Amino acid sequence: MTQHDFPTLKNDRLLKALRFEAIDTTPVWMMRQAGRYLPEYKATRAQAGDFLSLCKNTELATEVTLQPLRRFDLDAAILFSDILTIPDALGLGLYFEAGEGPKFRRTVRSMADVTALPKVDMVEALDYVMAAVSSIRRALNGQVPLFGFSGSAWTLATYMVEGGSSRDFRYTKGLLYREPDTLHALLGKLTDAIIEYLVGQIAAGAQLVQVFDSWGGALGHRQFVEFSHQYNCQVVRALKARFPDVPVVLFTKGGGLWLDQQVTSGADALGMDWTMPLARARQIAVPKQVALQGNLDPATLYAAPAEIRRHTHAMLDDVYGDGVKTGYVANLGHGISQWVNPDHAKAFIDAVHDYPR
């Protein structure tokens with residue numbers, strides 16, 4: 001593993017909150033905080049030429065990661081990249097269709113397709129991601145901690161089987177019920193790749209990582225445990241065995257109903273979308289010393305700043321109603337929309353920090 005001499009971290013309130021230590025104010029960051037709602041991001045992407053070129057350019061990926069931190073009083077940075085880097089490294093031919101999102105030139109829909117997937121050294125194949133992590137960590141100069149991330153095995157599999165985004169997951173769910181062994185074989189390969197990928201990011205300088213199980217909520221309650229949760233557990237436990245002091249956040253969109261299962265994952269924190277009351281979620285998570293993150297409906301940021309503040313404070317009332325004044329990181333329940341006014345994002349962040357404690 002490469003050894004780095006990075007600057008000392010100055011703002012560690014987010015890491016303290018995840019450890020249930022005392023904090024001076026609630027830490028906050030936003031999923032997709034570097035992105036299309038910022039005019040400076042749009043200018044940088046135009047300079048890069050396209051999204052993948054932006055991800056693979058170390059200097060520009062560093063720049064867009066830092067852009068929201070120049071505007072807002074955030075408590076974390078997150079690597080600018082994409083969850084589909086692993087399938088791309090497996091040779092499926094990732095590209096982005098204007099107005100339609102990510103697509104793959106090849107799909108994986110049979111055991112033969114799974115068997116044909118190459119054995120790839122993820123750190124070597126995705127060296128541009130590792131370079132970006134180290135560059136961003138140096139550029140932050142200890143300002144805030146840096147998140148690395150990956151998609152979950154189930155979420156990556158849906159893109160690989162469908163060939164892109166999907167609403168009904170026709171091919172993936174068909175495989176799940178028709179040929180479960182094939183899907184498990186794919187999920188096993190992806191789990192190994194995710195572990196290798198996140199180990200590489202931590203070695204490159206990521207101070208904590210998040211696993212995005214973006215489509216876990218599309219599963220039935222029994223299928224969630226078998227086809228998503230068990231693989232998330234493998235990832236978390238492998239990382240914690242290797243790096244016990246590096247926090248792992250697990251975010252399953254639509255997963256609030258399965259918090260009882262998710263608290264067994266070994267993750268330090270669970271991300272919450274906007275469908276689960278935080279007061280109830282805390283009743284499940286806090287006794288297990290599992291922190292929570294998120295919960296505000298991203299559409300709240302379309303409201304006027306005074307309304308954003310009111311809704312944010314109502315969320316925090318739910319969080320701290322149990323009397324535990326830590327163990328929570330404020331965030332949206334999913335990524336910030338490209339249509340949000342940046343001033344409204346600031347209203348949310350400021351409302352978190354000025355919440356009466």
Side-chain angles (χ1 to χ4, degrees), residues 12-31 74-76 145 147 152 208-214 216-217 221 224-225 228-229 232-233 236-237 240 246-301 308-336 348-357:
D12 64 348
R13 66 166 63 102
L14 186 145
L15 299 180
K16 285 182 174 179
L18 295 180
R19 296 192 296 261
F20 282 81
E21 296 176 4
I23 50 175
D24 59 336
T25 189
T26 304
V28 58
W29 67 284
M30 296 184 299
M31 289 181 278
L74 293 158
D75 293 297
F147 270 95
S152 71
L208 66 169
V209 295
Q210 178 157 312
V211 177
F212 286 88
D213 191 16
S214 303
H221 61 280
F224 171 74
V225 174
S228 180
H229 179 63
N232 291 338
C233 290
V236 173
R237 288 167 184 167
K240 297 305 287 187
V246 175
V248 179
V249 180
L250 173 59
F251 172 57
T252 298
K253 185 173 180 286
L257 291 174
W258 305 315
L259 276 186
D260 290 311
Q261 285 83 24
Q262 291 194 76
V263 294
T264 70
S265 66
D268 297 273
L270 299 175
M272 303 297 302
D273 66 14
W274 57 92
T275 61
M276 177 72 169
L278 277 178
R280 172 60 184 145
R282 295 270 284 189
Q283 290 173 0
I284 298 169
V286 169
K288 304 290 187 182
Q289 285 291 285
V290 177
L292 295 177
Q293 174 182 277
N295 187 241
L296 191 73
D297 182 352
T300 307
L301 302 192
I308 294 169
R309 176 185 172 87
R310 184 175 70 84
H311 285 286
T312 301
H313 284 191
M315 177 180 72
L316 294 172
D317 287 341
D318 289 343
V319 172
Y320 297 124
D322 59 10
V324 179
K325 302 298 185 182
T326 185
Y328 175 73
V329 173
N331 205 319
L332 305 175
H334 200 231
I336 184 171
F348 162 62
I349 294 160
D350 291 346
V352 171
H353 281 159
D354 70 18
Y355 178 76
R357 295 297 307 279

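One is the number of the first residue; the rest follow in order along the sequence. On a predicted model such as this, the values are computed, not experimentally measured, just so you know.
The shortest distance between side-chain heavy atoms of Leu14 and Phe147 falls below 4.5 Å. By the 4.5 Å heavy-atom criterion applied to side chains, Leu15 and Pro247 are counted as neighbours. For the pair Val211 and Asn232, the minimum side-chain heavy-atom distance is below 4.5 Å. Residues Leu301 and Ile336 are in side-chain contact: their nearest non-hydrogen atoms beyond the backbone lie under 4.5 Å apart.
Considering CD1 of Ile349 and CG of Asp354, their distance stands at 12.0 Å, rounded to 0.5 Å. Residue Trp258 holds its CH2 atom at 8.5 Å from CG of Asp213, rounded to the nearest 0.5 Å. Between Phe251 atom CZ and Ser152 atom OG the span is 11.0 Å, to the nearest 0.5 Å. Interatomic distance, Thr26 OG1 to Arg13 CZ, rounded to the nearest 0.5 Å: 9.0 Å. The CD atom of Gln210 sits 5.0 Å away from atom CD of Gln293, with the distance rounded to the nearest 0.5 Å. Between the CG atom of Leu74 and the NE2 atom of His353 there is a distance of 8.0 Å, given to the nearest 0.5 Å.
When each of Asn331, Val352, Asp350, Leu296 is paired with Val28, the side-chain contact (heavy atoms from CB on, under 4.5 Å) condition holds for Val352 and for no other.
A perpendicular orientation is assigned to the rings of Tyr355 and His313, their planes being inclined by more than 60° (bins at 30° and 60°).
Heavy atoms only, all atoms of each residue included: Met276 and Asn295 are closest at O-ND2, 3.0 Å. The minimum heavy-atom distance linking Arg237 with Ser265 is given by the pair NE-O, 3.7 Å. Taking each heavy atom of Asp273 and Gly255 in turn, the nearest pair found is OD2-N, 4.4 Å. Considering every non-hydrogen atom in both Ala22 and Lys16, the closest pair reads O-CD, 3.7 Å. Between Val290 and Leu270 the shortest heavy-atom distance is CG1-CG, 3.8 Å. Across Ala17 and Val329, no two heavy atoms sit closer than the pair CB-CG2, 4.4 Å.
At distances below 3.5 Å, not a single donor-acceptor pair connects side-chain atoms of Asp268 with backbone N or O atoms of Val249. Under a 3.5 Å cut-off, the side chain of Tyr320 and the backbone N or O of Thr326 do not form any donor-acceptor pair. Side-chain atoms of Lys240 come within 3.5 Å of backbone N or O of Val246 as a donor-acceptor pair. Of the possible donor and acceptor atoms, none in the side chain of His334 sits under 3.5 Å from a partner among the backbone N and O of Lys253. Remark: the backbone N or O of Val319 is paired with a side-chain donor or acceptor of Arg282 at under 3.5 angstrom.
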Derivation and outcome, side-chain hydrogen bond (donor to acceptor under 3.5 Å, both in side chains), residues Gln262 and Thr252: CA-CA 9 Å; Gln262 291 194 76; Thr252 298; 3.3 Å; yes
